[in-house]
Amino acid sequence: MAIVDALPGPYSFDPATTALIVIDMQRDFMEPGGFGETLGNDVAQLRRTIEPTRALLAAARAAGLTIIHTREGHRPDLSDCPPAKLNRGDPSLRIGAPGPMGRILIRGEPGHDIIDELAPAPGEPVIDKPGKGAFYATDLGERLTAGGIRSLVVTGVTTEVCVHTTVREANDRGYECLVLADCVGSYFPEFQAAGLKMIAAQGGIFGWVAESPAFIAALQPVKEPTWN
Ligand code: C5J
């Protein structure tokens with residue numbers, strides 16, 4: 001077992017049964033003109049996560065860790081986007097409207113894809129999800145079960161929305177989750193701080209929190225890669 005210095009205490013994991021999940025590092029959230037900005041957010045707040053996540057991906061690939069990427073988005077006919085989501089808030093461009101990077105949050109459009117810096121490597125699964133959580137209406141759970149995965153290292157954006165929802169879903173399903181603080185980002189610094197605190201509070205009510213260099217230092221090569 002590898003051990004990471006984390007909050008609320010040491011996080012133990014077996015690299016052979018651990019997956020790195022990179023949540024929604026898409027242009028629509030990370031770059032000007034996308035969904036995040038249409039909601040009035042400053043995308044610059046998220047960009048500090050890119051370099052640490054790039055280093056993390058390189059280390060995880062070198063160790064043979066299972067790596068899974070997710071993207072939030074919808075079918076072109078919006079049949080998987082509930083009206084409650086479509087009509088929520090007061091964005092300058094709604095989901096499905098044409099923007100500078102194509103239709104907002106629609107699968108197949110440039111804005112929906114993962115930023116070039118963190119592009120998935122060949123063979124790394126990309127899970128398309130219509131909701132905030134990566135388990136809802138996807139085959140993530142089945143894939144993890146098939147791969148014998150029991151621990152999840154979670155990164156991505158945004159901390160209090162899709163990262164939190166996924167960690168909560170995973171926690172209820174029995175996964176041991178480690179969230180890497182420098183590799184998750186929020187448009188709101190106060191939500192970033194509170195979101196991380198909420199995970200590790202009460203003895204790790206949802207999981208553990210650590211910095212990516214501590215995780216990388218603890219990472220050992222997977223002897224027998226599971227399924228990617
Ligand atoms: C949001 C996400 N914030 N990936 N999505 O709408 O967190």
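Whatever order the structure lists ligands and atoms in, that order sets their numbers, starting from 1. Side chains included, hydrogens not; waters and symmetry mates left out as well; all remaining heavy atoms used.
- The CD atom of Q192 sits 9.0 Å away from atom CG of L46, with the distance rounded to the nearest 0.5 Å.
- Side chain of K85 to main chain of R88: no donor-acceptor pair is present (N/O by atom type, distance under 3.5 Å, no hydrogens or angles).
- Using a distance-only test at 3.5 Å, with no hydrogens or angles considered, no donor-acceptor pair links the side chain of S186 to the main chain of F191.
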Return a table of N or O atom pairs, ligand 1 on one side and protein on the other, at distances under 3.5 Å, rounded to 0.1 Å.
unit_1	atom_1	unit_2	atom_2	d
ligand 1	3 (N)	T158	OG1	3.4
ligand 1	4 (N)	D24	OD2	2.8
ligand 1	4 (N)	E72	OE1	3.4
ligand 1	4 (N)	V157	O	3.1
ligand 1	5 (N)	E72	OE1	2.9
ligand 1	6 (O)	K132	NZ	3.1
ligand 1	7 (O)	T158	N	2.9
ligand 1	7 (O)	T158	OG1	3.1
ligand 1	7 (O)	C162	N	3.1

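- For residues 161-189, the set of pairs meeting the salt bridge (Lys or Arg N to Asp or Glu O under 4.0 Å) definition, not counting sequence neighbours, is empty.
- No hydrogens or angles considered: a donor-acceptor pair under 3.5 Å links the side chains of H74 and D80.
- Separation of atoms CD (Q45) and CE (M30) is listed at 11.5 Å; rounding is to 0.5 Å.
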